[in-house]
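Here the structure comes first, spelled out in C-alpha cells, and everything after it is commentary.
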Amino acid sequence: MAQFLWIDWNEAKLAMHHLSTDEVEFAWEHRRDVAEWDAPKPGAESYGRVPNGRWVKIIWRRNGLGDEDLVFVITAYHVPGPPGRIKH
C-alpha cells in the first residue's frame, strides 16, 4: 500500500482545486494511468474518481529516495473524465 508525502506546497495546490488529500489518495488508489515520462523529472499522469464520483487528473511521481511505496502528488484537479471516455 502506498504512502503519500504531503507538504504545504502540494496541499495548497489541492486546496486551490477544492480537493483534500483524502480525496486524492482515494482517487490514486483507484486510478487509471495514462502517461509516464522520465525527463526532466520522472512522473505520471493518472485519472481516478473521488468518493463523490467526480473525476480528477493526478500528476504524481514516486519518491526519488528509492522508496517505491512513497508517492508525491504534484497536483490534482477536477476534469470531466479520463481521455477517451464516451460522454453522454
Side-chain angles (χ1 to χ4, degrees):
M1 180 147 179
Q3 293 182 319
F4 292 80
L5 176 61
W6 296 112
I7 58 174
D8 291 343
W9 176 81
N10 59 0
E11 286 186 60
K13 287 180 112 180
L14 297 183
M16 286 188 329
H17 298 293
H18 308 286
L19 287 165
S20 70
T21 57
D22 287 342
E23 289 174 311
V24 173
E25 288 180 18
F26 180 90
W28 189 91
E29 293 290 344
H30 302 91
R31 75 191 185 280
R32 178 179 355 161
D33 297 338
V34 296
E36 292 186 40
W37 56 88
D38 291 325
K41 292 184 179 180
E45 174 183 327
S46 303
Y47 292 81
R49 287 186 179 206
V50 294
N52 70 8
R54 292 186 67 188
W55 286 97
V56 294
K57 178 177 181 177
I58 308 164
I59 306 298
W60 61 279
R61 67 176 185 225
R62 300 271 182 201
N63 179 39
L65 302 175
D67 185 348
E68 288 297 313
D69 291 331
L70 189 58
V71 173
F72 181 76
V73 174
I74 299 164
T75 193
Y77 48 89
H78 294 283
V79 293
R85 180 171 171 254
I86 298 172
K87 297 175 184 151
H88 298 277

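What you see is a predicted model, and the numbers here were worked out from it, not measured in a lab.
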Parallel, tilted or perpendicular, as decided by the 30° and 60° cut-offs, for the rings of His30 and Phe26: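 Geometry flag for His30 against Phe26: tilted rings.
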Between Trp28 and Glu23: side-chain donor-acceptor atoms closer than 3.5 Å: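 Short answer, no.
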Could you tell me the separation between the [atom1] atom of [X] and the [atom2] atom of [Y], rounded to the nearest 0.5 Å?
X	Y	atom1	atom2	value
Glu45	Ile74	CD	CD1	11.0 Å
Arg49	Arg32	CZ	CZ	9.5 Å
His18	Arg54	NE2	CZ	9.5 Å
Thr75	Lys13	OG1	NZ	4.5 Å
His17	Lys57	NE2	NZ	11.0 Å
Arg62	Leu5	CZ	CG	13.5 Å

Joint hydrophobic cluster, Trp9 plus Ile59, side-chain heavy atoms closer than 4.5 Å: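 Trp9 and Ile59: one cluster.
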Val79 and Val56: CA distance, side-chain angles, deciding distance, side chain to side chain contact (heavy atoms under 4.5 Å, CB included) verdict: CA-CA 5 Å; Val79 293; Val56 294; 5.7 Å; no
Closest non-hydrogen atom pair between Trp55 and Pro80, with its separation: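 Closest pair (atom of Trp55, atom of Pro80, distance): CD1-O, 3.6 Å.
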Nearest non-hydrogen partners of Arg61 and Gly43, listed with the distance: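 Taking Arg61 first and Gly43 second, the nearest heavy atoms are CB-CA, 3.9 Å.
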Does [X] reach the side chain of [Y], with side-chain heavy atoms less than 4.5 Å apart?
X	Y	answer
Phe72	Ile7	yes
Pro42	Trp37	no
Thr21	Leu14	yes

Ring pair (Phe, Tyr, Trp, His ring centres under 6.0 Å) evaluation trace for Phe4 with Trp60: CA-CA 10 Å; Phe4 292 80; Trp60 61 279; 8.7 Å; no
Side chain to side chain contact (heavy atoms under 4.5 Å, CB included) partner of Val24, the single match among Val71, Asn10, Leu19: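 It is Leu19, the one option of Val71, Asn10, Leu19 that forms the side chain to side chain contact (heavy atoms under 4.5 Å, CB included) with Val24.
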